[in-house]
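The chains referred to below are lettered A, B, ... by the order of the sequence lines, with proteins before strands, and numbering in each begins at 1.
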Number of protein chains: 2
Amino acid sequence: MSNDPVSPSTRPATIHDVARESGFAASTVSRALSNPGRVNAQTREKIVAIARALNYTPNTQARALTSGQTGSIAVLVSDITNPFYFGLIRGTQQQLKAANYLQMLVDTAESSDSEAATIDSLRRSADGAILTASRLSDQQLLALAERMPLVAINRHVPGIPAVIIDTPFGIDQALDHLASLGHRRITYVSGPDMSWSNERRWQRLEKTAQKLGVHPVRTREYAPSMASGAAAAEAMINSESTACVVFNDLIAIGMLERFRERGVRVPEDISVVGCDDIFGADFCNPPLTTLTAPIERAGRMAVSMLLSRLEAGADAPPPPPMLLPTHLTVRKSTGPAREH
Amino acid sequence: MSNDPVSPSTRPATIHDVARESGFAASTVSRALSNPGRVNAQTREKIVAIARALNYTPNTQARALTSGQTGSIAVLVSDITNPFYFGLIRGTQQQLKAANYLQMLVDTAESSDSEAATIDSLRRSADGAILTASRLSDQQLLALAERMPLVAINRHVPGIPAVIIDTPFGIDQALDHLASLGHRRITYVSGPDMSWSNERRWQRLEKTAQKLGVHPVRTREYAPSMASGAAAAEAMINSESTACVVFNDLIAIGMLERFRERGVRVPEDISVVGCDDIFGADFCNPPLTTLTAPIERAGRMAVSMLLSRLEAGADAPPPPPMLLPTHLTVRKSTGPAREH
DNA sequence: CAATTTTTGGCAAACGGTTGCTGAAAGTTT
DNA sequence: AAACTTTCAGCAACCGTTTGCCAAAAATTG
């Protein structure tokens, strides 16, 4: 091949260049490229050939202006620091790429005011948004959903399409597991009070524990970071529980570290169950027994849901929330309860 | 407050709505909002007030059409599966957000053909791009750089602005460390042959090892994943080296796992040094001695570099590559060489 | 107070596409 | 062969901004 795959550094060819070169009108070129049935096969062929030769790429901005379609989806995460989101982002990225959409990654780390404002400014640049762990109120969320197609992850608000990882379902398995190992007093190491998932997990734990004749205890809230695992570990040491279920793996792994520093053996002295099965849960020390969540799959589902919603139009009835099951993955951080 | 922060579900206000409401022309509104000096202070105030009341958000697409500025930057990663990139993405995200840019995250997982094509289609939707571990040839990269502002990470091509994590510098420290522990034969566990960083690391290791009177050995290439760590570990076991420096932490952690399964003790039998210090390197078992790279900082730097390049204009001379130092973080995976 | 300069706001033409409408050409039916 | 239908391509308006140019108004100067 003598000619470069990359043309000289002139400005990109427009639809008008293709029109001039081919002798057809711009409108015909437009239709030839995006509305195949609307134009003679021969004409289309000719136009397509010329477009390719000119290395023509439609300008997404301009297209968005009339069609209203931007070809990109915003993915909002509340804290890009949390590895849980990595799986999610990976999932959304895969699916978006497959559907030829672009992913706009946005970190909303701030107050809910800024979150609403951010989304609002995005409304023009994205065809829809995927919200993970949104801090918006139900009303804010609903108001937003009227203005822009939305899918929420791990958040249930009636009327808003959602993908929900059914960790409570896994909680039952975790409690069965712990109860059968002889644990009679189990602490739930709580995540942020504002977190919807956190509340759900605790409620399920409380209920199921009572059924199993196990005594449930709840800690104060801890930020979802490894660092706060240290404090949580101390709290566990001072408690009388022999096992804990932790809001997420990040805190759990932090606790493991602290336990080792303090000479507390896991699982001989204390059993630990995490939630999510993030990257690292399998190779930490000891490997963490955890509720494996299909994180990537959740990301992919959310995208599919959003995309099919875009096709269906906003007036279509919102689909029911999609529940993704979790399962307990037993590793080395759980064992028989210690004797008193 | 009686009125919602979110207006009713009508379509968003345009500049014309603001114009009509305020009695000024659209052009004046435009100038009032984006070209402060060009308009009377009072008029501006009035317009700003009305714009706010109408909850007006400029349409980025339309703006991009005339101004040529999209307000977003593309970040290309070759494999979003690799946690190394998370740090990077986090860094770019932070800096972009601070500068009020949007991040378009793109996974180029494929052949270099598709990479070039992807970037080309992005040219219209982004003001610039950050390339991490690009598989493009030097020429392709240079051609691309003519058409769109670029910053490369960990890739040096003369004429292309770059941020380079100076791992080779750290390699020296690692070798000093290992040599002083009595290791006399050190294996470099190689990453992908095509990787620029991989080549640099090996060359430095080879050179420095010889200076220190240590015998350097190089393995075949391994894919940068935990899974390939198993094979790499086997290779180490069958070799006569007592220590290894591994292309990256991902492989290294995979090796650690395998060593444990095989009953090989780290660091008693074999010492392992990783590269990058990714999430997890501190809590794996044993915690990994590694070359800590300022990953997030690299992301931030790349963004700053790109942004200042956008301001300076493409004709400004390309800045020299920015070298970011690494340092050895000693944890528990390295120890005295075993006796023969 | 006339002449000149500076401010300030409006008109209209882009930017690069899409799309409703129109009419010519071609094909079909009687 | 006339009447009717379908296919196909072009015209022109429009999407929401920005910006060059112009003129009215205001401020400055002589």
Side-chain angles (χ1 to χ4, degrees), chain A residues 10-48 50-51 54-72 120-127 147-148, chain B residues 10-48 50-51 54-72 102 120-127 147:
Chain A
T10 66
R11 39 188 268 306
T14 75
I15 204 171
H16 294 105
D17 297 328
V18 179
R20 186 169 1 86
E21 203 71 15
S22 66
F24 291 98
S27 50
T28 306
V29 175
S30 171
R31 278 188 271 257
L33 296 173
S34 51
N35 203 345
R38 203 52 192 75
V39 87
N40 189 326
Q42 290 184 21
T43 325
R44 184 175 66 248
E45 246 174 66
K46 213 178 292 181
I47 290 181
V48 168
I50 296 202
L54 257 47
N55 193 12
Y56 167 69
T57 321
N59 181 326
T60 29
Q61 321 290 335
R63 178 177 286 176
L65 208 47
T66 42
S67 71
Q69 307 266 338
T70 65
S72 58
D120 225 47
S121 75
L122 246 44
R123 182 155 58 128
R124 314 293 275 273
S125 342
D127 294 343
R147 325 165 90 221
M148 169 177 223
Chain B
T10 67
R11 38 189 268 310
T14 74
I15 205 171
H16 293 106
D17 297 327
V18 180
R20 185 168 3 85
E21 204 71 14
S22 66
F24 291 99
S27 50
T28 307
V29 175
S30 170
R31 278 188 273 256
L33 296 174
S34 50
N35 202 346
R38 192 60 186 66
V39 87
N40 189 326
Q42 291 184 19
T43 346
R44 184 174 68 246
E45 246 174 67
K46 214 177 292 181
I47 290 181
V48 167
I50 296 204
L54 257 47
N55 194 12
Y56 166 70
T57 322
N59 180 325
T60 30
Q61 321 289 335
R63 176 176 289 177
L65 207 48
T66 41
S67 71
Q69 307 267 338
T70 65
S72 59
L102 249 32
D120 226 47
S121 75
L122 244 46
R123 184 156 56 129
R124 315 291 275 272
S125 342
D127 294 343
R147 322 166 91 219

S.K.: With nearest nucleotides of DNA chain D determined for B:T57 and B:R38 from heavy-atom distances, which residue corresponds to the more 5′ nucleotide?
M.R.: B:T57
S.K.: Please give, in whole Å, the distance from C:dT7 C1' to B:N35 CG?
M.R.: 14 Å
S.K.: Give, for atom CG of A:L65 and atom OG1 of A:T60, the distance between the pair rounded to the nearest 0.5 Å.
M.R.: 11.5 Å
S.K.: Between A:A126 and A:M148, what is the shortest heavy-atom contact and its length?
M.R.: O-CE, 3.5 Å
S.K.: Which whole-number value in Å describes the distance from B:R44 CZ to C:dG9 C1'?
M.R.: 15 Å
S.K.: Report the distance from atom CG of A:D127 to atom CD of A:Q69, rounding to the nearest 0.5 Å.
M.R.: 5.0 Å
S.K.: Whole Å only: how far is the CG atom of B:N59 from the C1' atom of D:dC14?
M.R.: 14 Å
S.K.: Got a sec? Which of residues 17-34 of chain A come in under 4.0 Å of DNA chain C, heavy atoms?
M.R.: A:S27, A:S30, A:R31
S.K.: At what distance, to the nearest 0.5 angstrom, does CZ of B:R63 lie from OG1 of B:T70?
M.R.: 11.5 Å
S.K.: I need the NE2-C1' distance between B:H16 and C:dC11, as an integer number of Å.
M.R.: 12 Å
S.K.: Regarding B:T60, tell me which of base, sugar-phosphate or nothing describes its non-hydrogen contacts under 4.0 Å with the strands shown.
M.R.: nothing
S.K.: Can you tell me the distance, in whole Å, between the OH atom of A:Y56 and the P atom of C:dG16?
M.R.: 10 Å
S.K.: Looking at residues 61-70 of chain A, who's got a heavy atom less than 4.0 Å off DNA chain D?
M.R.: A:L65, A:T66
S.K.: Distance from B:R124 atom CZ to A:N59 atom CG, nearest 0.5 Å?
M.R.: 4.5 Å
S.K.: How do B:A41 and B:R124 order along DNA chain C: which one's closest nucleotide is nearer the 5' end?
M.R.: B:A41
S.K.: Which pairs would a plain distance check flag for residues 12-38 of chain B, meaning a side-chain donor or acceptor within less than 3.5 Å of a matching protein atom at least two apart in sequence or in another chain?
M.R.:
| unit_1 | atom_1 | unit_2 | atom_2 | d |
| --- | --- | --- | --- | --- |
| B:T14 | OG1 | B:H16 | N | 3.0 |
| B:T14 | OG1 | B:D17 | N | 3.4 |
| B:D17 | OD1 | B:R20 | NH2 | 2.7 |
| B:D17 | OD2 | B:T14 | N | 2.8 |
| B:S22 | OG | B:V18 | O | 2.8 |
| B:S22 | OG | B:A19 | O | 3.2 |
| B:S22 | OG | B:F24 | N | 3.4 |
| B:S34 | OG | B:S30 | O | 2.8 |

S.K.: Rounded to the nearest 0.5 Å, how far apart are CG of A:N40 and CD1 of A:I47?
M.R.: 10.0 Å
S.K.: Compare the minimum distances between each of C:dG9, D:dT18, C:dG16 and the side chain of B:T43, then state the nucleotide with the smallest one.
M.R.: C:dG9
S.K.: Once you round it to whole Å, what is the distance between P of D:dG16 and CZ of A:R123?
M.R.: 12 Å
S.K.: For a quick test of reading the model, state the closest non-hydrogen atom pair linking B:A64 to A:Q61 and the distance between them.
M.R.: CB-OE1, 3.6 Å
S.K.: Which nucleotide in the list D:dC8, C:dG9, D:dT18 gets nearest to the side chain of B:V39?
M.R.: C:dG9
S.K.: I need the CD1-P distance between A:I47 and C:dT18, as an integer number of Å.
M.R.: 12 Å
